[in-house]
Amino acid sequence: MTTPVLRTLTALRAATRSWHMSGETIGVVPTMGALHDGHLSLVAAAKAACDRVIVTIFVNPKQFNQSSDLDNYPRTEAEDARKLERFAVDALYVPEVDQIYPEGFATNVSVGGMTDVLCGAHRPGHFDGVATVVAKLFTQTAADKAFFGEKDFQQLMVVRRMARDLDIPVDVIGCPTIREEDGLAMSSRNLLLSDRARTKAPRLAMEMEAVVRELGQGAAFQALQSRAIAGLEAAGFTGVDYFELRSCADLRLLERPAEPARLFAAAWLAGVRLIDNIDVPVFSG
Ligand code: AMP
C-alpha cells in the first residue's frame with residue numbers, strides 16, 4: 001500500500017480527529033528519517049499496539065548543535081516511504097519547518113537534571129530541542145502511545161519526564177536497540193561512515209560488551225573504563241565523549257552495578273559521533 005503523506009498540521013488534525021471520533025487508538029513513531037530496521041521495529045511495535053499509526057519525519061533544526069551536522073544529515077524521504085509500505089501505516093507526517101515552528105515561535109521546553117550529563121553535557125541545548133519538538137509532535141498528533149528506541153536511552157527518559165510533567169496523555173513506550181550483525185547499533189548516522197570507518201565502528205559495542213562481562217564477574221568499573229577507552233583510541237576512534245556506568249533510575253554515576261544500571265558511550269570515528277548503551281545485569285556479589 002502506498003504510504004499516505006501528510007505535510008500540514010491541518011491535514012494531520014483532520015485525520016486524527018476522525019480516528020479518535022471512531023474510538024480508534026493512535027500510535028506515533030517520531031523519527032528524523034533515513035529509516036533503518038531500528039526505526040521499523042518501532043513501527044512494528046506501534047502497529048501491534050494501536051489501531052492507527054503515524055510515522056513522523058522531521059529533521060529538527062533545534063536539536064542540532066552544529067549547522068554542518070544539520071546540513072549533512074541524510075534525507076531519503078522517497079525511500080523511507082517505500083520502506084513503510086509493507087507496514088501499511090496510516091500516515092507519514094512530514095511537516096515543513098513552519099508547521100512545527102510557525103513565525104514568532106518563542107517557546108522552549110527544557111527538562112532539568114537528567115539533561116546535565118551524557119549527551120546533554122556534550123551537546124548544549126540538544127535535549128531542549130528534542131523536548132520541544134516531541135512536545136509539539138505529541139500535541140499535534142494527539143497520540144495515545146508513542147514509541148521510542150532505547151538506542152537513545154537518555155532521550156527516552158527525557159521524553160517520559162516531559163510528557164508526565166506537562167500532563168500530555170501519551171504512553172511513552174521504549175523498544176530495544178536493533179543492531180547490525182557485527183553488533184553496531186543501527187543509526188542513520190552510520191550512512192555517513194566511510195567503508196574503512198564502518199569496519200572499525202563495531203569496536204564500540206565490542207568494548208562495551210567486554211566491560212559488561214567483567215562487571216558481571218565483580219570487577220570495579222574504573223579500570224575497565226580506562227582499558228576500554230584505550231582500546232577505542234587504538235582502534236582509530238578519535239575521541240571518547242563519555243564511557244560511563246550509570247543508574248537506570250536517575251542516571252547517577254555508579255562504580256558497580258549494585259542496582260539496575262546501563263553502560264553509556266559516545267565516541268567519534270572519522271568525524272561521525274556514535275552513541276550506544278547497553279543493559280548491565282545487577283551484580284550483588
Ligand atoms: P532518529 O531518527 O535517529 O531521531 O530516531 C528515531 C527513533 O528511532 C528514536 O526513538 C530512536 O531511539 C529510534 N532508534 C534509532 N536507532 C535505533 C535502533 N538501532 N534500534 C531501535 N530504535 C532506534
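Both ligands and their constituent atoms are indexed starting at 1 by order of listing.
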With respect to [X], determine whether any N or O atom, backbone or side chain, lies less than 3.5 Å from an N or O atom of ligand 1.
| X | answer |
| --- | --- |
| S187 | no |
| D152 | yes |
| I178 | yes |
| C175 | no |
| M186 | yes |

Min heavy-atom dist R179 to ligand 1 below 4.0 Å: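 Contact check R179 vs ligand 1: negative.
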
4.0 Å heavy-atom contact, A34 with ligand 1: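 Outside the 4.0 Å threshold, so no.
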
Closest non-hydrogen atom pair between [X] and [Y], with its separation:
| X | Y | value |
| --- | --- | --- |
| F64 | R123 | CA-NH2, 4.2 Å |
| F237 | A267 | CD2-CB, 3.6 Å |
| S188 | A34 | OG-O, 3.2 Å |
| N190 | A185 | ND2-O, 3.1 Å |

At what distance is the nearest protein heavy atom to [atom], and which residue and atom is it?
| atom | result |
| --- | --- |
| atom 10 (O) of ligand 1 | G149 N, 2.9 Å |
| atom 6 (C) of ligand 1 | P30 O, 3.3 Å |
| atom 5 (O) of ligand 1 | H39 NE2, 3.5 Å |
| atom 21 (C) of ligand 1 | P176 O, 3.5 Å |
| atom 23 (C) of ligand 1 | K151 CB, 4.0 Å |
| atom 3 (O) of ligand 1 | Y73 OH, 3.8 Å |

With heavy atoms of [X] as the reference, note each atom of ligand 1 found under 4.0 Å away.
| X | result |
| --- | --- |
| L42 | 7 (C), 8 (O), 10 (O), 13 (C) |
| M32 | 1 (P), 2 (O), 4 (O) |
| H36 | 15 (C), 16 (N), 17 (C) |

Indicate every side-chain donor-acceptor pair of residues 214-221 with a distance under 3.5 Å to a residue at least two apart or in another chain.
from: E214; atom 1: OE2; to: R227; atom 2: NH1; distance (Å): 3.1
from: E214; atom 1: OE2; to: R227; atom 2: NH2; distance (Å): 2.7

Please list every donor-acceptor pair under 3.5 Å in which a side-chain atom of residues 130-141 meets a protein atom from a residue at least two apart or in another chain.
from: T132; atom 1: OG1; to: N108; atom 2: OD1; distance (Å): 3.4
from: T132; atom 1: OG1; to: V109; atom 2: N; distance (Å): 2.9
from: T132; atom 1: OG1; to: V109; atom 2: O; distance (Å): 3.4
from: T132; atom 1: OG1; to: D128; atom 2: O; distance (Å): 2.6
from: K136; atom 1: NZ; to: I100; atom 2: O; distance (Å): 2.9
from: T139; atom 1: OG1; to: A135; atom 2: O; distance (Å): 3.0
from: T139; atom 1: OG1; to: K136; atom 2: O; distance (Å): 3.1
from: Q140; atom 1: OE1; to: Y93; atom 2: OH; distance (Å): 2.7
from: Q140; atom 1: NE2; to: Q99; atom 2: O; distance (Å): 2.9
from: T141; atom 1: OG1; to: L137; atom 2: O; distance (Å): 2.7
from: T141; atom 1: OG1; to: A143; atom 2: N; distance (Å): 3.4

Look at K83 together with E79 and state whether they make a salt bridge at an N to O cut-off of under 4.0 Å.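 Counted as a salt bridge, because a side-chain N and a carboxylate O are separated by less than 4.0 Å.
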
Salt-bridge criterion met for D37 and R179 (N-O under 4.0 Å):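 A salt bridge is absent here (no side-chain N lies under 4.0 Å from a carboxylate O).
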
Looking at E255, I'd like to know if its CD atom is crowded, meaning that more than 12 non-hydrogen atoms belonging to other residues, nucleotides or ligands lie closer than 6.0 Å.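 Atom CD in E255 is crowded, with more than 12 foreign heavy atoms closer than 6.0 Å.
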
Report whether V280 and F153 are members of the same hydrophobic cluster (ILVMFWY, side-chain heavy atoms less than 4.5 Å apart, transitive linking).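 No.
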
